[in-house]
Amino acid sequence: MSGYAVLGGASYTLAHTPDMVLHNGTTQTTERVVNPESEYLKELPNHLRSYEEALSYLPNQVYIGNKTPEDLAQMEFPYYDKKTDGNRTGKFGEIMSQSEFIGLIQICDVFDVVKLEKGFAQTIKQTLAEHPLIGAERAAVLDKNETDEAEIQRLVMEEEAEPLYDGGTLVGAVKRAHDIDVNLSAHVMLENLVTKASSVLSLLHLVQTTGIDPGSIEYVIDCCEEACGDMNQRGGGNFAKAAAEIAGLTGASGSDVRGFCAGPAHALIDAASLVQAGTFRAVVVTAGGCTAKLGMNGKDHVKKGLPVLEDCIAGFSVLITADDGQSPQIRTDIVGRHTVGTGSSPQAVIESLVTDPLDKAGLKITDIDKYSPEMQNPDITKPAGAGNVPEANYKMIGALGVKRGEIERKQLVEFVQSHGLTGWAPTQGHIPSGVPYLGFAREDIMSGRLQRVMIIGKGSLFLGRMTNLFDGISFVIDGNAAAKAAETSDAAAKEQTTSTGAGLTEAGSAATVAGTGTPVRIGIAASGSEQGPEEYAEAIRLAGEKGIQVVLIDGENAHEEMESMLESGQIDGAVTMHYPFPIGVSTVGKVVTPAKGRGMYLATTTGTADTDRVRAMVRNAVYGIIAAKAEGIAEPTVGIANIDGARQCEKALIQLSEGGYPIRFAGSSREDGGCIMRGNDLLQASADVMVMDSLTGNLMVKIFSAYATGGGYESTGWGYGPGIGEDFDKVIMIISRASGAPQIAGACEYAARLLKGDVLNVAKSEIAAAKKAGLDDILDGISRPKLDQAEEAVAMPAAEVVTAQIAGIEVMDLEDAVQKLWKENIYAESGMGCTGPVVLISEGNLERAKDILRGSGYIK
Amino acid sequence: MDLENQKRVLEYYEQYGKDDLVILLGAAEGEAAGLAAETVTLGDPTYAGPLAGVSLGLDVYHICEPEVKAEVDEAVYDEQISMMEMVLDVDDIISEMNAIREQL
């Protein structure tokens, strides 16, 4: 698993509240104070839409998921004078009528401040009892109403209650919750109950659309722009928990996050981080809408003869869960921030939110398929003189791309079209801020139509008069890494099942070498197995079943023959044991982990990537990434086994990642997280690539592959893996003397997949990229143990063929041992056998060399 | 123009006088730029703010006009303005600004 939290689903709801436009929108309430006889107030009621008109308004149908942003983009502007199919419910939510919404407000009122006229309440109770998500039990709350219209009138006239109208008729009132405290006045109580009710409606839809067990939601974060509390703690809060209670999320606690319109984006990053850290497994971000903003641009709409388009209270909820292996992941490592020091010029803002995080991740502006900034509906904003808000954002992002040379100036219009969206969201501040797209983005990423989207939230902090600063935060959502890997292996499996190959050396048609289309041929150079020749026969049969052509290379000089066959192209890759790789090369093993049966790369298991342990581990990480990428994991997660040097290795890898070779660090499954992996992480494969020194890796392959057999027979996995290193240009896989047929066949399959994925070129480009990001300097920065400097430089004797090996030399002393032999005029090379470092010499020099090394204490 | 900004313009006018004051606008489109320019020259056309019926006749330019651009350090302009210059309809802004100045 990747370790990222994922986007489990989103819901979007509207409540059509035309009477609240008249009585609760601040544009109207202000006008009533300043200019009670104004033409605007007289004309306004003629511009209110009916419920049916609100249903058939295309942007509303896009909001609840019946229509798509593409449908909207195709409709000729403006939208208000056109109609679409007016469905009440959509895949993301619903559009509720005002009367039902008033009933829901009372369901959300636990302090008995809402009074409804008895007859009205009974009618609404019936409707709400039949509502599939509200139901009879919640609707029974409305039975308590005994109030008649005269009493409601009295409450409004004498006790400062806020009237509730439906179709111009007084149907109820919200009383004040305290006689003196303005924070509990009827006005504030209504405003807060409306936001709570619309949040509850969205939560109910979220549970339905995602199918999540409501009791399994552990935490709810509310991100609306209201405040609840009393005079002693005016913003005391917890709309989140209040709404969770009514929505039946019995296992949830919660809290409120605020940041004006940027609130939702902040809350989503909080939620994803809580899940990624392992604090909670399922977190919901939710927000209700705002009565104050109803009819905010009403004056312009009325003046231009439009209906009042801001007539709906909106809400949304988003589910963030631990990685389910399918849903798009929230990339908490690609986050943009407008900081205190960023500055306020549009250019600085867009750089901080868009290009800074992309630069860090090594991505270009065009690598994001869709941007979702402020998604305000231009039908509302354009007549009010605020222009097309999303389009203005896309132009700025595109213009920055032009400045950076990532797109041509003349491509600007095309960029806005292909990377942008037409806005459809109501203008309720936080509601349009990036989040309206999450529902569609999830679907489009999961269907493979899009790779990556960026959500951008911006907030005008100066409205609160505490700072003049602007604010913004952004993050990237991309496809699930595990889902992508599964797709790759599914495709490979499908290819393999088409093969008819069943015989020992029959060709399978499917497994082919990258770029050639020819079937993969693997040679097994077998000598010295403890398992006997029938094990190889069985392995070749198993590999044949997977469509891989295998030839057995027998006899004394199996390695030499294998090398010449690789050289001549008779075979594409080889599986062997005891192969001495040059220093700089080590092998990336692959094992089945017991907890979940997941495969895991062990980087590395034999060979020596570097004579210094920590430096070797840093190189091993790159080699592990190469193997995983060649096998189709686009962005493998990397963890470091908790062994001596792990922290130094981590530091170096972070430096490398920050230098421009992006590494996706895995998160430990343990509570304290981090990319340092403990025993349980190894058993669970918390990382795709597990980094360690090759001696530890060697132990691990043995333990994972033979723990069920008692150690004598390695029955599972893919073996010790391919030798990878700078300039190493062959695919040679290592197995051991104890490797059984399934593991040998696994090694053949691993080789075939690497060849299909063009591993040698992947290695070349990855190593080049790591070097460009400063690999060599980083390695130089890791202190190398002091070699014996007293030894003067020794001239190398004439090279000769070296086929004999001396084992048992400490890896740190290996180069010194070679120098020692050179000094005695014996040509020697350092190498790595499967049990550790070796010195290679000619057969003729073997005994003399042993004596010399024994005499100097290198071997016993 | 925002009432608060009108008030500040009037205060600066009283403090520094007409000859030592230039108003620089950053409005995102021509109409808004024109309205702001009108406010600080002929007076507030909406008759809502402190400059209603007050003709200050101040020098006023938009940041994207060539006269202003020529006065700004090229690197600073590139860092702060060039992106928006690409986004905005600069020709429309210039023609709106000229239309107001011609009325003086």
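Treat the numbers as computed from the prediction; the structure is a model and nothing was measured. All chains are named by letter (A, B, ...) in the order of the sequence lines, taking the proteins before the strands, and each is independently numbered beginning at 1.
Closest heavy-atom contact between B:Ser82 and A:Gln347: N-OE1, 3.5 Å. Of all heavy-atom pairs spanning B:Gln80 and A:Ser345, the tightest one is OE1-CB, 3.2 Å.
Within 6.0 Å of CD on B:Gln15 lie more than 12 heavy atoms contributed by other residues, nucleotides or ligands. Heavy atoms from other residues, nucleotides or ligands lying under 6.0 Å from CG of A:Asn468 number 12 at most. Atom CZ of A:Arg404 has more than 12 heavy atoms from other residues, nucleotides or ligands within 6.0 Å. Enclosure of atom CD in A:Glu76 is not indicated, since only 12 or fewer non-hydrogen atoms of other residues, nucleotides or ligands lie within 6.0 angstrom. No more than 12 heavy atoms of other residues, nucleotides or ligands sit less than 6.0 Å from atom CZ of B:Arg8. Around atom OH of B:Tyr12, no more than 12 heavy atoms belonging to other residues, nucleotides or ligands sit under 6.0 Å away.
Interface check for chain A: of the options B:Glu31, B:Glu79, B:Glu29, the most heavy-atom pairs under 4.5 Å are formed by B:Glu79.
One distance of note links CZ of A:Arg409 with CE of B:Met86; it measures 5.5 Å at 0.5 Å rounding.
Remark: side-chain polar atoms of A:Lys403 are paired, donor with acceptor, to backbone N or O of B:Asp78 under 3.5 angstrom.
Looking at B:Leu88, neither its backbone nor its side chain comes within 4.5 Å of chain A, counting heavy atoms on both sides.
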Hey, mind stepping through A:Glu351 and B:Met83 against side-chain contact (heavy atoms from CB on, under 4.5 Å) and telling me if it holds?
CA-CA 10 Å; A:Glu351 276 170 1; B:Met83 183 192 82; over 6 Å; no
